[in-house]
Amino acid sequence: MDAGEQRCFSRTIDISNVDKVFFPDAGLTKGELLDYHVRIAELLLAHLDGRPVAVKRYPDGLEGQGFFQKNAGSHFPDWLRRQDIPKRDGGTLDHVVVDEPAALVYLADQGTIEFHPWLSLADDLEHPVELVLDLDPPAQGEVGAVRQAARQVHTLLDELEVASRIKTSGSAGFHVHVPLDGSAGWDVVSALARSLAEAVCERHPDALTTSHRKQGRTGRVFVDWLRNSYGQTSVAAYSVRARPGAPVATPIDWGELRTVEPRSYDVGNLFRRLGQRDDPWRDDPPAAAAAQVSDRLEALREDG
DNA sequence: GACGTAT
DNA sequence: ATACGTCAACGCATT
DNA sequence: AATGCG
Ligand SMILES: [Mn+2]
Ligand SMILES: [Mn+2]
C-alpha cells in the first residue's frame, strides 16, 4: 500500500508511514499490514460487523508500546461509526463500532494490530450473539494439553447438542465459539459459560482449571469463561496478533485440531490456506438459546 | 498516531 | 521547524 | 477496597 490519500472500499483514507517496520522478526512493514487488512477485510468484517470493537494499537510496531482503545478518537473520520455506550460503573463510552471494510483499513492505519469485538451487537448490547471459551495452556508451546482441552470442551458441547466452532488464538491456545440466538442476557450467558467451564474442569481436574489467578493453575490448562461479560471482548477471527511472526487468529475445522497449532497461521501464509479452502466459519451453524442449554447442562451435571 | 506546548 | 510530553479500557472473581 | 487477570 502506498502513502497518501487512497480510495479504499469507497472511502478516502490518508495512509502514513508505510515503510515503518511493524514486525521486525518477520520484516513486515505497516504497508504490508495494511495490505493484509485490505485483503482480509471481507472475512474479518464478517465476524465483527455491527459490534463495538476495541482495538489494540502499536503506532511504533511491536517494538513500541501498545494500548487498548475503545473510544473513537476526536480525529477519527465522520464516516467511522461510533456509539454512546453506557459503562457498568455509570460512565459512558464513545465506542468505535465497525460496520464496513474501510473502517478496518482506517484503524489499521492508526497502528491497530489487534481487533477485539464485543460478544454483543451495538444495536443490542445486552444480548450476546456468541459465547467464547478461551483455552490457555500453562506455558507457551504446550500444544498437546490445550488441544486435548479443546476436544473435551467440544465433547461436552456435543453432548448438549450445541454447535461450536474453534479458532487458533494466534498466541498460545485456542478459542471455542458458541453462536447464540440473542434470547438471553449477560446474566444467563455468563452463568452458562461458567457452568460449562466448571463442568469440563470437573471431568478432567488434573488437566484443566478455572482458576483466574495464575498461582492456582499449577500446570493445568486455564478454561477462561470470564470473557462472557458486558463490555468484555475477545480477539476477532482473522485478527493479526501483536506477537513475533505476525500470527493470525484463524478459524479451523474441528478435524484440523490434530495438526494445527495456535500460531500455525500468520500474515505470511494465511492466504495460501484460504486459496485452498473456504473460511471454515463461512456457514453459520444453528444458534443456541443459552437458557435452554443451561437447563440441559444442569441435568447432565446431576446425572454424570 | 495526533495534538499541544516549549525551544 | 523540531522536539518532547501526553493520551489512547474495561469488568469482575477473588483476596 | 484493592488486586490480578485477560
Ligand atoms: Mn487466550
Ligand atoms: Mn508516536
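Numbered from 1 within each chain, the chains take letters A, B, ... in sequence-line order. Atom set for the values below is all heavy atoms of this structure, side chains included, hydrogens, waters and symmetry mates excluded.
A:W79 and A:Y106 have perpendicular rings, their planes meeting at more than 60° on a 0 to 90° scale where under 30° would count as parallel. Taking the six-membered ring for Trp and thresholds of 30 and 60 degrees, A:H47 and A:W281 have ring planes more than 60 degrees apart, a perpendicular arrangement.
With hydrogens and angles left out, the side-chain atoms of A:H75 and A:Q110 include a donor and acceptor closer than 3.5 Å. Side chains of A:K167 and A:H175: a donor on one and an acceptor on the other come within 3.5 Å.
Of the side-chain N and O atoms in A:R227, none sit less than 4.0 angstrom from OP1 or OP2 of C:dA13. Regarding contacts with the backbone of D:dG4, every side-chain N or O of A:R217 stays at 4.0 angstrom or more from both OP1 and OP2. One finds a side-chain N or O of A:Q110 lying less than 4.0 angstrom from the OP1 or OP2 phosphate oxygen of B:dA2.
Note that A:R273 lies in the cation-pi zone of A:Y265, set by a 6.0 Å cut-off to the ring centre and a 45° limit from the axis.
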**Request:** List the steps and the verdict of side chain to side chain contact (heavy atoms under 4.5 Å, CB included) for A:F22 and A:K20.
**Result:** CA-CA 6 Å; A:F22 263 42; A:K20 186 184 277 192; 3.6 Å; yes
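The stretch residues 3-40 of chain A touches DNA chain B through A:S16, A:N17, A:K20, A:K30, each having a heavy atom within less than 4.0 Å of the strand. For the segment residues 52-81 of chain A, residues with any heavy atom less than 4.0 angstrom from an atom of DNA chain B are, sorted by number, A:R57, A:P59, A:H75.
For A:R213, counting side-chain heavy atoms from C-beta on, the closest listed nucleotide (D:dG6, C:dT14, C:dC12) is C:dT14.
With salt bridges taken as basic N to acidic carboxylate O contacts below 4.0 Å, none links A:D266 and A:R263. Note on A:D94 versus A:R82: salt bridge recorded, some NZ/NE/NH1/NH2 to OD/OE distance being below 4.0 Å. With salt bridges taken as basic N to acidic carboxylate O contacts below 4.0 Å, one links A:K30 and A:D109.
Between D:dC5 and C:dA9, the distance separating the two P atoms is 23 Å to the nearest Å. A gap of 12 Å separates the C1' atoms of C:dA8 and B:dC3, to the nearest Å.
At a threshold of 4.0 angstrom between heavy atoms, the contacts of A:W225 are confined to the sugar-phosphate backbone, with no base atom among them.
As rounded to whole Å, 11 Å separates atom C1' of D:dT3 from atom NE2 of A:H212.
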